[in-house]
Structure formats: C-alpha cells, structure tokens
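Have a look at the structure below, then the notes.
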Amino acid sequence: MKKISVVVPCYNEQESVELFYNEMVSVAAKMNNDFEFIFVNDGSKDRTLEIVKGLGEKDERVKYISFSRNFGKEAAIYAGFSNASGDYVVMMDADLQDPPKLLPEMLDAIEKEGYDSVATRRVTRKGEPPIRSFFARMFYKLINKISDVDIVDGARDYRLMTAKMKDAIVNMPEYNRFSKGIFGWVGFNTKWLEYENIERVAGETKWNFWKLFLYSIEGIIAYSTAPLALAYIFGFLSCLGALGLFIFSLVRTFAFGDPFGSAATLASACFFVGGVQLICMGILGHYLSKTYLETKKRPVYIVKDTNI
Ligand code: UDP
Ligand code: MG
C-alpha cells in the first residue's frame with residue numbers, strides 16, 4: 001500500500017485545524033492508502049500546537065513539527081517536505097481552502113495517467129477584494145514575461161507529488177524560498193486541476209495586501225534578473241534625452257542667439273537623473289541583500305518540539 005504524507009502548515013489555526021483533521025480523516029478512510037499527517041506549527045501564538053498534540057494522542061498518524069518562532073509558510077512547507085516519508089507528498093492549507101476530497105482524483109492522475117505531480121488552480125477569485133485580484137493578475141503577467149519558469153495564475157500551493165519530485169524540492173536549500181517558482185523550476189510533468197475558489201472555514205487570512213506585495217517582489221527577485229537590466233534601459237533613455245537636448249540647445253543658440261535652458265529645466269533634469277540612479281541602486285541593493293542572506297547559510301527553520 002502506498003503511503004501519502006499530508007503536509008499542513010499552521011499559523012494561528014486553532015479554529016480550523018481540527019475541522020481540517022476531521023475532513024481529512026474522512027477522505028483518507030475512503031482511500032486505499034497509508035497516511036501520515038505532518039502538522040507544521042509555524043510559531044502560532046494560540047492553541048494550535050496543543051490541539052495538534054491532542055490529535056496525535058488519539059491518532060498515531062498525526063506528526064507535528066513546532067518551530068521556535070514564525071518562519072513563514074515557505075519554511076513550514078520545507079520542514080514538512082524534509083520530514084515526509086511517504087511515496088507521495090501533498091500539501092494543504094489548514095483552513096480547508098484546499099479541499100481534501102480532491103485527493104483521490106489527484107492520486108489517480110499520478111498512478112493511472114503517469115504524471116509526477118498534480119497541482120490545483122482556482123479559476124475564480126470569488127470572495128477576494130477586486131483590487132487584490134487586479135494586482136495578482138498583473139503580477140502573474142509580469143513574472144511570466146521576465147522569468148523563464150512558468151508560474152501559473154491562480155495556482156494554489158495545494159499539490160500532490162511523487163517522492164522523487166519532493167526530493168528535488170528538498171534539495172534546493174535556498175533561504176529565500178518562493179514555492180510557486182521552485183515547483184516550476186524543478187520541472188517534472190504536472191497536471192492542473194481547476195476548481196472554484198473556496199473561502200476559509202474559520203479564522204482569518206494571514207496575508208494582507210502589503211504582505212502579498214512584498215511576497216510578489218520576492219518572487220520576481222528570486223526568479224528573474226530582468227529588473228537589473230532596467231539600469232541599462234534608464235541609462236540609455238537618459239543618454240538619448242541628453243543628446244536631443246544638446247542638439248536642440250545648439251540649434252537654438254546658433255539660429256536665435258539665445259542660450260537654452262533656465263535654472264528650473266536644469267534642476268528638473270538633475271532630479272530626474274538622480275532619481276533614476278537611486279532606483280537602479282535600490283534594485284541592485286535588493287539583489288545584493290538577497291545574495292547576502294543566502295551566503296550566510298542560515299537554516300530555513302528551527303525546530304523547538306516534534307514527535308517525528
Ligand atoms: N501559514 C503559515 N505561516 C505563516 C502564514 C500562513 O504556516 O506565516 C499557513 C496558514 O496557517 C495556512 C496557510 O499557510 O494553513 C495559508 O495561509 P492563509 O490561509 O492565511 O493564506 P490564504 O489562503 O489566504 O492565501
Ligand atoms: Mg487560506
């Protein structure tokens with residue numbers, strides 16, 4: 001019998017985690033597989049860990065890994081994957097936005113159709129603020145233009161994969177982790193299942209607009225070096241502009257004997273060029289800071305308590 005490891009990142013999920021467990025167990029009961037449920041407690045400040053430990057006492061398939069602080073969902077996924085012993089690994093949110101009942105269909109695609117992984121994407125963004133959907137769409141358009149990995153719009157992190165693919169992901173020990181990029185980068189054949197967006201059962205989303213915005217910048221920096229080329233483009237444009245102005249002022253001086261330019265034009269040109277230079281330095285700095293963090297080789301997460 002093949003074993004499936006279910007990885008569940010949990011951050012302040014006291015309202016959802018038990019609901020999730022019940023639903024997951026009822027799906028598991030209908031499948032002909034062994035299971036392990038790895039709950040990764042990502043520094044929750046509520047009773048999440050207590051509840052998970054309680055589940056572990058009743059059900060020996062329940063494993064937990066508890067971090068020393070909040071390291072973020074990416075770190076939680078990495079920890080879960082690193083400790084998963086199943087033939088297949090799936091990750092799901094604790095809030096039932098990733099419906100466990102899709103699992104049998106996902107497994108069929110791997111076992112019968114020969115895919116290495118089955119991923120899910122939501123085709124609607126129902127229940128999401130429109131402005132957030134708008135920026136999300138822009139982000140996917142942009143990143144797919146400037147990066148050579150395929151990042152699918154509306155892709156959830158809900159994904160079942162073979163142990164081989166999981167191992168490839170675990171073997172990418174980068175510190176700045178952007179799962180949507182990593183999954184694309186490692187390759188393998190992926191089947192996409194589509195479903196309508198489902199709102200979380202309980203509790204609140206941990207993402208606000210600002211956090212999502214920063215996360216999208218992470219994604220761009222991690223999977224594209226195109227922003228670095230902006231310096232060339234700005235530089236080139238500003239050289240062209242300068243040349244044009246030079247010719248214009250020459251013509252004016254010779255034709256009308258009237259020297260071109262006032263203090264205001266000069267000042268605005270200075271500010272413009274200065275601004276462009278600062279933007280380019282900022283972009284450079286961003287890449288440098290990411291490189292700096294990678295070279296420190298800090299662990300992605302620190303475990304405080306576990307039963308694995
Ligand atoms: N999560 C986590 N660490 C964090 C933030 C979130 O482990 O720092 C978990 C969270 O408990 C949930 C999943 O990641 O199981 C997705 O989070 P959420 O539902 O808040 O995101 P959304 O579904 O709204 O994108
Ligand atoms: Mg959610």
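Order of appearance sets the numbers: ligands from 1, and atoms from 1 within every ligand.
- Atom 17 (O) of ligand 1 has as its closest protein heavy atom W207 NE1, 4.0 Å.
- Protein heavy atom nearest atom 14 (O) of ligand 1, with residue, atom name and distance: K73 CD, 3.3 Å.
- To the nearest 0.5 angstrom, L214 atom CG is 10.0 Å from K211 atom NZ.
- F213 and F139 have their aromatic ring centers separated by at least 6.0 angstrom.
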message: Using the rule given for ring pair (Phe, Tyr, Trp, His ring centres under 6.0 Å), can you reason through F71 versus Y78, listing the C-alpha separation, both sets of side-chain angles and the distance that settles it, and then say yes or no?
response: CA-CA 11 Å; F71 278 88; Y78 186 60; over 10 Å; no

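- Ranking the protein heavy atoms by distance from atom 15 (O) of ligand 1 puts P9 O, 2.7 Å first.
- Grouping the Ile, Leu, Val, Met, Phe, Trp and Tyr side chains by contacts below 4.5 angstrom, directly or via other members, places I77 apart from Y175.
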- request: Under the side chain to side chain donor-acceptor pair (under 3.5 Å) rule, what do Q97 and Y158 come out as? Steps first, then yes or no, please.
  value: CA-CA 9 Å; Q97 274 188 307; Y158 185 16; over 6 Å; no

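- N41 places no side-chain N or O within donor-acceptor distance of the main-chain N or O of E50, the cut-off being under 3.5 Å.
- In terms of modelled atom types and a separation under 3.5 Å, the side chain of R177 and the main chain of K73 share no donor-acceptor contact.
- Taking any N or O of E204, backbone or side chain, none lies under 3.5 Å from an N or O belonging to ligand 1.
- Between the side chain of N189 and the backbone N or O of Y115 there is no donor-acceptor pair closer than 3.5 Å.
- Residue A76 has no nitrogen or oxygen atom sitting less than 3.5 Å from a nitrogen or oxygen atom of ligand 1, judged on distance alone.
- Looking only at its N/O/S atoms, D95 has OD2 as the one nearest to the Mg ion (ligand 2).
- Taking 2.8 Å as the criterion, T205 does not count as a coordinating residue of the Mg ion (ligand 2), since none of its N, O or S atoms falls below it.
- Of the protein's non-hydrogen atoms, Y11 CB, 3.7 Å is the one closest to atom 1 (N) of ligand 1.
- With a 4.0 Å heavy-atom cut-off, ligand 1 is reached by the side chain of N70 but not by its N, CA, C or O.
- By heavy-atom distance, the residue among Q97, E13, K211 lying nearest atom 11 (O) of ligand 1 is E13.
- When non-hydrogen atoms are compared, ligand 1 lies under 4.0 Å from the backbone of A94 as well as from its side chain.
- Using modelled atom types, one finds no donor on one side chain facing an acceptor on the other under 3.5 Å when comparing N33 with Y88.
- Under a 4.0 Å criterion applied to the non-hydrogen atoms of G72, ligand 1 contributes the atoms 3 (N), 8 (O).
- Near C10, meaning under 4.0 Å from any of its heavy atoms, are these atoms of ligand 1: 7 (O), 11 (O).
- Nearest to atom 20 (O) of ligand 1 among the protein's heavy atoms is K206 N, 2.7 Å.
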task: Give the intermediate values and the outcome of side chain to side chain donor-acceptor pair (under 3.5 Å) for residues E74 and S179.
output: CA-CA 7 Å; E74 301 289 342; S179 285; 2.4 Å; yes

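- Closest to atom 24 (O) of ligand 1 among all protein heavy atoms lies T205 OG1, 2.7 Å.
- Ranking the protein heavy atoms by distance from atom 18 (P) of ligand 1 puts R200 NH2, 3.4 Å first.
- What sits closest to atom 4 (C) of ligand 1 on the protein, heavy atoms only, is D42 OD2, 3.4 Å.
- Not a single donor-acceptor pair under 3.5 Å links the side chain of S147 to the backbone N or O of N144.
- Ion pairing of E23 with K101 is absent here, as no side-chain N (NZ or NE/NH1/NH2) approaches a carboxylate O to less than 4.0 Å.
- Residue contacts with ligand 1 for D93 involve both N, CA, C or O and side-chain atoms from C-beta outward (heavy atoms, distance under 4.0 Å).
- Those atoms of ligand 1 that come under 4.0 Å of a heavy atom in D95, given as number and element, are 19 (O), 23 (O).
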